[in-house]
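Reviewing the structure listed below.
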Amino acid sequence: MDKLVKKIINLKEKKNAVILAHFYQKGEIQDIADFVGDSLALAQWASKTKADIIVVCGVHFMGETAKILSPDKKVLIPDLEAGCSLADSCPADDFKKFVEKHPDHTVISYVNTTAAVKTVTDIVVTSTNAKEIVDSLPKDEKIIFGPDKNLGNYINSVTGRNMILWDGACHVHEQFSVEKILELKKEYPNAELIAHPECKNTIIKLADFVGSTSALLKHALSSSKKEFIVATESGILHQMTQKAPDKKFIPAPPNDSTCACNECKYMRLNTLEKLYHCLENESPEIKIEPKIIEKAVKPIQKMLDLSEMLGL
Ligand code: 13P
Ligand code: SF4
């Protein structure tokens, strides 16, 4: 075993820490983690763990969600600069004004938001439960949805709703090129195109299957197809190739082939070195004011309760 990996495992055991990693993390971080999952699974694990320290190998909003759900625990993140372009596209003050303009609306926010945005939210959702949670609300309920317009449009299309959408997007999922995907489809005529709902609707319309990271993984494993063009952050290919080594997974290309834009630059800030130092120094730590936690926990807990009720 690699020396650094050994040191991380020893420290983790000594400090009764748990390492949670998102599917977009570098392969070596996914391999060392206690749990690897999508945003909903990370929140569910963070709310249940008995560990004293939770290390979130993901981006800042995922660390915040863990802290909000386990405020008495120490929540660490290997690199505090690991943000999210989608969360950044929704400043809390502007979102608050947007919410105030629609007083008779239920506010649904994607988990990819800051804790401050969650304080003015009624229900948080992830891409795993958004459709089911929206479907569970009365048909005539007026809803505003933020911040991802692509996910919002997709949920509107599959639920027949007319939610009012915030105009935000993720820099990774906006970059996929329809032209290059069509070229790939010619090269691999039997491949299925599988896409995350944060992709633009031109990609969604072409896709054979649309789902969250965990849904894409599950589908790729259970499908009888052998080749897949994967339109989401390319970190997910680590689990796909590990779990189905006989299948071929092709990362969907971005518009600019020189930019590696199908990698989330924030997710990739975390490294094994930083993970080791963060466990050793118990820093950087996610800190949130108690009055923000008190408000932000309500829509997140609502999501967890609804997800449990809906069997998600
Ligand atoms: P999932 O909840 O599907 O893992 O998505 C998280 C994310 O950040 C997508 O860009
Ligand atoms: Fe945010 Fe996009 Fe990175 Fe996901 S892939 S964490 S939405 S910037």
Side-chain angles (χ1 to χ4, degrees), residues 37-48 60-71 84 86-87 89-170 196-198 211-215 288 291-312:
D38 66 3
S39 320
L40 176 63
L42 296 188
Q44 287 167 328
W45 284 319
S47 70
K48 284 184 198 141
H60 197 262
F61 76 81
M62 295 174 176
E64 280 192 338
T65 305
K67 181 69 186 173
I68 292 165
L69 288 167
S70 282
C84 168
L86 181 50
S89 70
C90 189
D93 288 346
D94 296 343
F95 191 68
K96 203 165 170 239
K97 284 182 202 142
F98 178 65
V99 167
E100 281 163 3
K101 267 199 207 153
H102 303 92
D104 51 347
H105 286 61
T106 297
V107 182
I108 301 189
S109 294
Y110 194 29
V111 71
N112 299 39
T113 43
T114 59
V117 165
K118 291 182 176 88
T119 65
V120 291
T121 293
D122 297 307
I123 315 173
V124 167
V125 295
T126 75
S127 44
T128 285
N129 55 27
K131 178 189 177 295
E132 286 77 4
I133 288 184
V134 169
D135 267 340
S136 74
L137 301 176
K139 280 273 169 267
D140 56 350
E141 191 149 331
K142 293 179 186 162
I143 303 171
I144 62 178
F145 182 90
D148 189 18
K149 63 177 177 208
N150 294 319
L151 175 64
N153 267 321
Y154 173 69
I155 299 300
N156 272 342
S157 74
V158 291
T159 60
R161 304 275 176 151
N162 191 19
M163 303 186 298
I164 300 173
L165 308 180
W166 178 264
D167 186 15
C170 154
H196 195 280
E198 284 176 27
S212 64
T213 51
S214 55
I288 310 174
K291 66 174 195 289
I292 303 262
I293 294 187
E294 206 185 301
K295 285 189 188 164
V297 74
K298 290 180 188 154
I300 303 178
Q301 193 55 51
K302 193 147 194 187
M303 166 181 84
L304 293 182
D305 295 344
L306 281 168
S307 299
E308 198 177 335
M309 204 179 83
L310 295 162
L312 298 164

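- Under the side chain to side chain donor-acceptor pair (under 3.5 Å) criterion, Asn112 pairs with no residue, sequence neighbours left out.
- To the nearest 0.5 Å, the span separating CE on Met62 from CG on Asp38 amounts to 8.5 Å.
- Scanning both residues, Ser212 and Ser127, for their nearest heavy atoms gives CB-OG, 3.3 Å.
- Every residue two or more places apart in sequence or in another chain that forms a side chain to side chain contact (heavy atoms under 4.5 Å, CB included) with Lys96 is listed here: Glu100, Val120.
- A salt bridge (charged side-chain N to carboxylate O under 4.0 Å, His left out) check over residues 141-155, counting only residues at least two apart or in different chains, returns the pairs Asp104-Lys142, Lys149-Asp167.
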Task: side-chain contact (heavy atoms from CB on, under 4.5 Å) evaluation trace for Leu42 with Thr65 - done: CA-CA 9 Å; Leu42 296 188; Thr65 305; over 6 Å; no
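- Partners of Thr113 according to the side chain to side chain donor-acceptor pair (under 3.5 Å) rule, which considers only residues two or more places apart in sequence or in another chain, are Lys118.
- Residues that satisfy the side chain to side chain contact (heavy atoms under 4.5 Å, CB included) test with Ser89, not counting sequence neighbours, are Leu86, Pro147.
- Rounding to the nearest 0.5 Å places CD1 of Ile123 at 6.5 Å from OG1 of Thr106.
- A 4.5 Å side-chain heavy-atom check between Thr114 and Val117 finds at least one atom pair inside the cut-off.
- Between Asn150 and Ala169, the closest heavy-atom pair is ND2-CB, 4.1 Å.
- Lys291 pairs by the salt bridge (charged side-chain N to carboxylate O under 4.0 Å, His left out) definition with Glu289, not counting sequence neighbours.
- Counting non-hydrogen atoms of other residues, nucleotides and ligands closer than 6.0 Å to NZ of Lys139 gives a total above 12.
- Here ring pair (Phe, Tyr, Trp, His ring centres under 6.0 Å) pairs that include residues 103-157, with residues two or more places apart or in two chains, are His102-His105.
- Minimum interatomic distance between Ala92 and Ala116 (heavy atoms only, all atoms of both residues): CB-CB, 3.5 Å.
- Considering CD1 of Ile108 and CG of Leu165, their distance stands at 11.0 Å, rounded to 0.5 Å.
- Between the side chains of Ser39 and Thr126, not a single donor N or O lies within less than 3.5 Å of an accepting N or O.
- Taking the side chain to side chain donor-acceptor pair (under 3.5 Å) definition, one finds that Asn153 meets it with nothing, sequence neighbours left out.
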Show me the donor-acceptor pairs, under 3.5 Å and distance only, between side chains in residues 297-312 and residues at least two apart or in other chains.
| from | atom 1 | to | atom 2 | distance (Å) |
| --- | --- | --- | --- | --- |
| Gln301 | NE2 | Asp305 | OD1 | 3.0 |
| Ser307 | OG | Asn129 | ND2 | 3.1 |
| Ser307 | OG | Met303 | O | 2.7 |

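- When every heavy atom of Val134 is checked against every heavy atom of Arg161, the shortest pair comes out as O-NH2, 3.0 Å.
- Taking Phe95 as the reference, Phe98, Trp166 meet the ring-ring contact (aromatic ring centres under 6.0 Å, His included) condition, with sequence neighbours excluded.
- With sequence neighbours excluded, the residues that form a salt bridge (charged side-chain N to carboxylate O under 4.0 Å, His left out) with Asp135 are Lys131.
- Residues that satisfy the side chain to side chain donor-acceptor pair (under 3.5 Å) test with Glu64, not counting sequence neighbours, are absent from this structure.
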